[in-house]
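Positions are given from 1, in the same order as the sequence printed here. For ligands, and for the atoms within them, numbers begin at 1 and follow the listed sequence. Worth saying up front: this structure is predicted, and the values here are computed from it rather than measured.
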Amino acid sequence: MDHFHYRNGELHAESVRVADIATAAGTPCYVYSAATFGDHYDRLAAAFAPLEPLICYSVKSCPNVHICRLLAQRGGGFDVVSGGELHRALAAGGDPARIVFAGVGKTDDEILSGLDAGIGWFNVESEQELENLQRLCESRGRSARAALRVNPDVDPRTHLYTTTGTKETKFGVDIERARRVFDAYGRHRLVRPCGLHLHIGSPVNSVEPYVGAIRKGLALIDELRGAGFEIDTLDIGGGFGAHYRHTEAPLAAEYAEAIVPLLRGRGLRVILEPGRSIAANAGILVTRVLYLKSSGERTFVICDAGMNDLIRPALYEAYHFVWPVRPPPGFVTDDRGEQMVIDGTQVVDVVGPVCESGDFLALNRPMPPLRRGDLLAVFAAGAYGMSMASNYNSRPRPPEVLVGGARFRTIRRRETYADLVAPEMSADGQGGG
Ligand SMILES: *Cc1c(COP(=O)(O)O)cnc(C)c1O
């Protein structure tokens, strides 16, 4: 699933020793494998090839421009959810015609920058947004293509915070309303509502919710076509799982096996919006052990990475496998199983330095004996890791390093204390009170 492996007793990213990267870049730092990004993209492209889909990488999962460029070079388009992400996609050399712009709350400025760039599709999520898009197109004298985001009302069986495809979420419109939206707004001369957009949640570790959602989407498309609307696009969204524990998520080929037959020969331009399934396994977070301490029954491993660097454990109770970069002899393993208990391990909580009791990376984990200064790797941290990092506790965000074969380079430098206060130092002091 990735190119992070133990060789000669220590963790390598492709052919590079992770410890060497930590020495060069300092800790904490994100380390990405270009080959892993490429493999995951290629596997999706191969699995869905019969549909000749447009694969729009979800920028929010891992937005670094160098990562975006790597995927654009493989033929990928982009799924953006803000003006900032649109800026990144274009800066990475993304083809505007292969960009879809999603999101429930696009501002006029954001819509206008999409129109000016000539992006491929706006995924609109409400009647008012479609009406606003039509108004802005008239004012700019531009045309646009829109796909209406529909809630197929299926349960993706994922975390409450990442469930988006049930009837009562803020995303999209339900199927009943979708028909009315097309009736009311479907014949505008500048904005052609030409498709449907489905994104049911993330991660969706089974294929059935996709099958259910796509069947409902297709039934609606048949109805709309029957009513004279030209529907040529179906965007099935993202949400494919990643491998955090073992092999809990279906492979790209398994999703495709269920989805391709449904969509083949339907005369639809199929769009996929994968983020996590491409990025998660392509990155690790490397952190150094600062201190060890015991309190009552618990043993804490206090590291220099915290919830501001990787918030998924605190926010979603997400599981990330954590293991030393250079384990003691006898503890070297590529098995990332959840229940891995090797003789001599001790159950610990791996926590960060942030002043919050929710600041942990891993709880109740069997871990080899550790000492101050040891390096730990937090696996499958490529998606929603750096992209959700913050400066909470005035902690500069970590650098990002991209490995390709035997080489590595910094693709985002570590923030400095000067970076932290720069927007405050350059504020003009006017306005406000
Ligand atoms: C976040 C998001 C995605 C990507 O989801 P992943 O789980 O990372 O694949 C795709 N489409 C939309 C609309 C999103 O909001």
Side-chain angles (χ1 to χ4, degrees), residues 37 40-41 43-44 47-48 53-63 67-68 71 76-82 84-86 88-89 98-106 110 114 119-126 129 146-152 156-159 161-166 169-173 195-207 209-210 213-214 217 233-244 248-252 255-256 259 270-283 312 315-316 318 380-388:
F37 269 102
H40 283 281
Y41 178 89
R43 274 184 217 152
L44 266 179
F48 283 89
L54 175 56
I55 300 180
C56 290
Y57 171 62
S58 171
V59 172
K60 75 175 187 285
S61 64
C62 186
I67 300 297
C68 290
L71 295 164
F78 295 101
D79 160 41
V80 305
V81 294
S82 70
E85 288 191 354
L86 175 59
R88 284 181 179 279
R98 299 165 81 80
I99 292 177
V100 295
F101 196 156
V104 281
K106 304 180 193 76
E110 289 179 317
I119 63 164
W121 292 263
F122 285 88
N123 287 344
V124 299
E125 307 220 6
S126 65
E129 187 195 338
L148 180 66
R149 180 158 176 183
V150 172
N151 276 324
R157 281 171 259 136
T158 185
H159 193 279
Y161 289 0
T162 52
T163 293
T164 57
T166 53
T169 72
K170 68 174 181 180
F171 299 101
V173 302
L196 297 185
H197 174 221
L198 307 164
H199 174 67
I200 53 180
S202 173
V204 184
N205 284 339
S206 58
V207 298
Y210 287 97
I214 289 169
T233 302
L234 180 62
D235 181 340
I236 64 168
F240 293 166
H243 293 181
Y244 291 102
E248 71 268 33
L251 302 173
Y255 286 109
I259 293 172
V270 175
I271 300 177
L272 311 180
E273 302 174 336
R276 183 192 309 277
S277 60
I278 292 178
N281 291 101
R312 298 188 68 258
L315 187 60
Y316 310 120
Y384 307 104
M386 185 60 179
S387 68
M388 295 179 98

> Distance alone, cut at 3.5 Å: any donor-acceptor contact between the side chains of Glu273 and His197?
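Per modelled atom types, Glu273 and His197 side chains form a pair under 3.5 Å.
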> Around atom 8 (O) of ligand 1, find the nearest protein heavy atom and jot down its residue, atom name and distance.
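The answer is Tyr384 OH, 2.5 Å.
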> Looking at every non-hydrogen atom in both residues, tell me the closest pair between Cys62 and Tyr57 and how far apart they are.
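Shortest heavy-atom separation between Cys62 and Tyr57 comes out as O-OH, 2.8 Å.
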> One residue to check: Arg276. Relative to ligand 1, which of side chain, backbone, both or neither has a non-hydrogen atom less than 4.0 Å away?
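Arg276 to ligand 1: contacts from backbone and side chain alike.
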> Please name all residues satisfying side chain to side chain donor-acceptor pair (under 3.5 Å) with Arg312, sequence neighbours left out, ordered by chain then number.
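Only His320 meet the side chain to side chain donor-acceptor pair (under 3.5 Å) criterion with Arg312.
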> Side chain, backbone, both or neither: which applies to Asn123 and ligand 1 if a contact is any heavy-atom pair less than 4.0 Å apart?
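It is neither; nothing of Asn123 touches ligand 1.
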> Identify, by atom number and element, the atoms of ligand 1 in contact range of His197, meaning under 4.0 Å from any of its heavy atoms.
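Result: 13 (C).
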> Applying a strict 4.0 Å limit to heavy atoms, is Phe171 in contact with ligand 1?
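No; Phe171 lies far enough from ligand 1 that no heavy-atom distance drops under 4.0 Å.
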> Among all protein non-hydrogen atoms, which one is nearest to atom 11 (N) of ligand 1, and what is the separation to 0.1 Å?
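Residue, atom and distance for the closest contact: Glu273 OE1, 2.5 Å.
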> Give a yes/no verdict on whether any heavy atom in Pro203 is under 4.0 Å from an atom of ligand 1.
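Not so, Pro203 does not reach ligand 1.
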> Minimum distance, heavy atoms only, to atom 2 (C) of ligand 1: which one of Glu125, Lys60, Arg149 is it?
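Answer by nearest heavy atom: Lys60.
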> Check Pro53 against Phe48 and note the closest heavy-atom contact, atom names and distance.
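Nearest heavy atoms, Pro53 then Phe48: CD-O, 3.2 Å.
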> Once you measure the plane-to-plane angle for Tyr255 and Phe240, does it fall in the parallel (<30°), tilted (30-60°) or perpendicular (>60°) bin?
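Parallel: the ring planes of Tyr255 and Phe240 meet at under 30°.
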> Say you draw a straight line from CZ of Arg43 to CD1 of Ile278; how long is it, rounded to the nearest 0.5 Å?
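That separation rounds to 11.5 Å.
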> For ligand 1, which atoms, with element, lie under 4.0 Å from some heavy atom of Pro274?
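Listed by number with element, the hits are 9 (O).
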> Within the structure, does Asp79 bring an N/O atom to less than 3.5 angstrom of an N/O atom in ligand 1?
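Yes, since at least one N or O of Asp79 sits under 3.5 Å from an N or O of ligand 1.
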> Going by side chain to side chain donor-acceptor pair (under 3.5 Å), name the residues that satisfy it together with Lys106, two or more places apart in sequence or in a different chain.
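Glu129.
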> Using a 3.5 Å cut-off on N or O atoms only, is Gly275 in polar contact with ligand 1?
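Yes; at least one N/O pair falls below 3.5 Å.
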> Atom CZ in Phe101, atom CG in Leu86: separation rounded to 0.5 Å?
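If we round to the nearest 0.5 Å, Phe101:CZ and Leu86:CG are 6.0 Å apart.
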> Give, for atom CG of Leu272 and atom CD1 of Ile236, the distance between the pair rounded to the nearest 0.5 Å.
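One gets 4.5 Å once the value is rounded to the nearest 0.5 Å.
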> Does any N or O of ligand 1 fall below 3.5 Å from an N or O anywhere on Ser202, backbone included?
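By distance alone, the answer is yes.
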> Any heavy atom of Gly239 closer to ligand 1 than 4.0 angstrom?
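A heavy atom of Gly239 does come that close to ligand 1.
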> Under 3.5 Å, N or O to N or O, is Val81 touching ligand 1 that way?
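Looking only at distances, the answer is no, because the N/O contact criterion of under 3.5 Å is not met.
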> Backbone, side chain, both or neither: what part of Ser58 comes under 4.0 angstrom of ligand 1, heavy atoms only?
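Ser58 to ligand 1: side-chain contact only, backbone stays beyond 4.0 Å.
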> What are the two closest non-hydrogen atoms of Ser202 and Arg276, and how far apart are they?
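Looks like OG-NH2, 2.9 Å.
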